[in-house]
Amino acid sequence: MSAPSPPAPREFFSEGHAHEHLCDHVLTRPEAHDWAVILPGYLTLVDPMNDAALLAVARSLFSSPPCAPAVELLNAYLQSLRQALADALRLGWWWEQRRGKYSEWFGLGLDGVHVIWDAQVIKTGFFPESVRSPPDAPPPRTEDPLPRRNPAERIRPPPDSPGRRYGLFRTSHYCVSKVYAAAYLQEEVWQAGGDVFVDVQRTPRLGKWQQWVLERPGASLENEADP
Amino acid sequence: MKPPAPNLRDQALGWAEVFREDWQECRDDPAYAPTKAWSLLAAWGALCRFFPPEALPAEASAVSAVVHHDAAALLAALPQTPEPAEWIERARNLHRAWDFAACEEVVRELERAAIMLFDELDRNSLAACMAARLAPDGATAERLAAWRQQAEEAEGWFRNHVAAFLPTALLARATLAACRSSLEEDEALWDTVLKHRLLEEAAEELEADPPPRRLSESDKQALQAKVDRARSNGLAQIVPAQWQGRQILVFSRRVLPPQLLAAAAPAGTELPELLALRLRSPKETVEARLFLPAGVAPVDGSEVIRLNCYDIATGKEVLAKKTVSLAGIERSLDDRGRVSFTLRELCETGQDLFVIIDGEPYTPESRP
């Protein structure tokens with residue numbers, strides 16, 4: 001069996017796609033709260049509890065030029081996707097799914113980011129528990145850059161606690177295991193990097209998780225794994 | 001490596017143990033206790049679907065012991081989790097979004113959403129079921145009763161919208177298959193798999209419908225020949241025309257007569273299908289799409305013809321407020337790069353379907 005194809009250097013099909021995914025995940029509540037935990041500097045760039053501030057940053061992505069926080073968040077988002085993919089490949093937390101002749105790879109990073117890529121590009125990355133569905137008939141982004149934010153949805157900001165980062169990983173692992181099971185039963189899973197999505201005992205506990213975060217190539221002991 | 005098969009019973013055991021540990025660690029933390037209580041109660045319920053509660057596997061004995069020991073704390077924490085009514089709102093969005101899922105990426109995203117929402121619904125119902133079991137003499141506090149009521153309403157909403165969750169039907173079927181044989185005797189828990197059964201039945205009905213027959217190569221060629229003949233007969237035919245002294249290509253006005261012929265057809269209730277004609281700007285940066293009613297639906301001339309302009313690189317609508325001339329009728333694109341005409345207007349001009357946008361003639365694409 002072949003190893004999963006390494007992604008090409010670019011992360012999305014186009015800059016426009018990257019902007020849309022940044023809006024749909026990093027800047028859309030409630031998922032924004034999760035990104036605020038793992039993206040360095042998020043809280044200094046925009047307050048995830050402030051819908052108007054999130055909207056302003058999102059809106060700037062569809063004007064020229066985007067505001068500085070938008071550019072910084074985009075860079076941090078792309079870096080987190082690369083990190084999730086590297087984790088998935090290093091730990092065997094991925095599977096290849098085929099529909100017809102088209103292959104996609106699904107992986108999970110230690111931060112809980114569920115990343116999806118194909119032979120050309122990283123297609124997306126998100127937190128599967130807090131992601132919101134695409135809306136029906138979305139207006140152009142210039143009119144509504146955050147179409148997945150449902151203003152009627154009651155959002156409780158999650159508790160700010162040291163254990164949250166590990167909690168994000170655990171929740172994502174549960175969700176991704178469900179997605180794997182459904183794909184497997186549909187006979188779409190072609191190969192897998194390991195059995196972490198079927199054997200719950202393989203889920204690292206806090207200590208092991210911290211250790212693996214610290215063992216990331218190039219990890220900084222000061223900045224990483226501070227649950 | 002060969003993909004490993006999920007074993008739902010083993011996974012239920014594993015998750016129950018994980019959530020027990022989480023609960024024991026966080027039960028005194030008001031920020032985390034509610035979700036941990038919810039997870040543990042749901043996981044315990046899932047275990048009891050697969051194994052008799054009085055004879056849980058040894059690995060799960062600690063789960064049962066903790067649940068009974070901490071019953072009061074679990075019951076107090078559960079109603080503080082997000083209300084199941086919020087699930088209905090998100091499921092409504094999913095249900096609506098299916099109708100607009102036009103590209104593969106969106107379909108796959110909605111499939112994943114269906115899987116996760118179904119799982120959340122199931123966990124809500126399991127948590128509510130097991131909470132009722134822990135409450136002394138069936139008594140529950142008012143908030144817990146309201147929470148359980150909402151869980152039941154969410155199940156009711158699901159029963160009326162099963163099709164939105166079809167992507168998780170195989171997982172639901174596998175869950176049913178893994179249930180213990182005596183589950184039917186446990187009425188409350190049995191009720192929680194009613195939705196799995198509904199999904200299974202809906203999937204079976206779909207499977208029972210014969211799939212569209214695959215075309216043989218000879219059939220394909222015959223069909224293509226028929227399409228080609230139709231084109232040469234006038235459908236979407238492209239013809240040379242003169243515009244401001246220049247020779248350009250345009251769609252023939254003969255694309256219109258079939259619509260008028262259809263007016264003689266018996267009245268029907270079907271909505272007209274759309275025929276999309278594509279044209280490109282001289283620099284090939286913008287694609288204009290002309291949407292016409294097609295098929296045999298009756299027409300009276302008032303049918304709307306839409307023209308939308310898209311940036312070819314990004315797919316976004318462009319050219320807001322620019323002037324458009326279609327078959328000699330002048331309009332302005334709206335602020336989303338769209339404009340409407342009526343079928344009657346186009347027929348009455350007597351001209352072929354020139355498309356001139358912002359002073360530039362657009363060239364028809366021969367592909368559909």
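By number of non-hydrogen pairs under 4.5 angstrom with chain B, the leading residue of A/E153, A/K123, A/R141 is A/K123.
For A/Y180, the part sitting under 4.5 Å from any heavy atom of chain B is the side chain, from C-beta outward, and nothing else. Residue A/E129: no heavy atom, backbone or side chain, is found under 4.5 Å from chain B. The parts of A/Q186 that come within reach of chain B are both its backbone and its side chain, each placing non-hydrogen atoms under 4.5 angstrom from that chain.
For residues 54-65 of chain A, the interface with chain B (any heavy-atom pair closer than 4.5 Å) comprises A/F62, sorted by residue number.
The shortest non-hydrogen separation linking A/Y184 to B/P3 is CE1-O, 3.6 Å. In terms of heavy atoms, B/A97 sits closest to A/P135 at CB-C, 4.4 Å. When all heavy atoms are compared, the tightest approach of A/G194 to B/P4 is O-CG, 3.6 Å.
A donor-acceptor pair is defined here as one N or O able to donate and one able to accept, closer than 3.5 Å; no such pair exists between the side chain of B/E86 and the backbone of A/I155.
With salt bridges taken as basic N to acidic carboxylate O contacts below 4.0 Å, one links A/E188 and B/R108. For B/R112 and A/E104, the salt-bridge test fails: no basic side-chain N is under 4.0 Å from an acidic carboxylate O.
Between A/H173 and B/W15, the two ring planes are tilted [angle within 30° to 60°].
By the 4.5 Å heavy-atom criterion applied to side chains, A/V179 and B/M116 are counted as neighbours.
Geometrically, A/R170 does not engage B/Y32 in a cation-pi contact defined by less than 6.0 Å to the ring centre and at most 45° from the axis.
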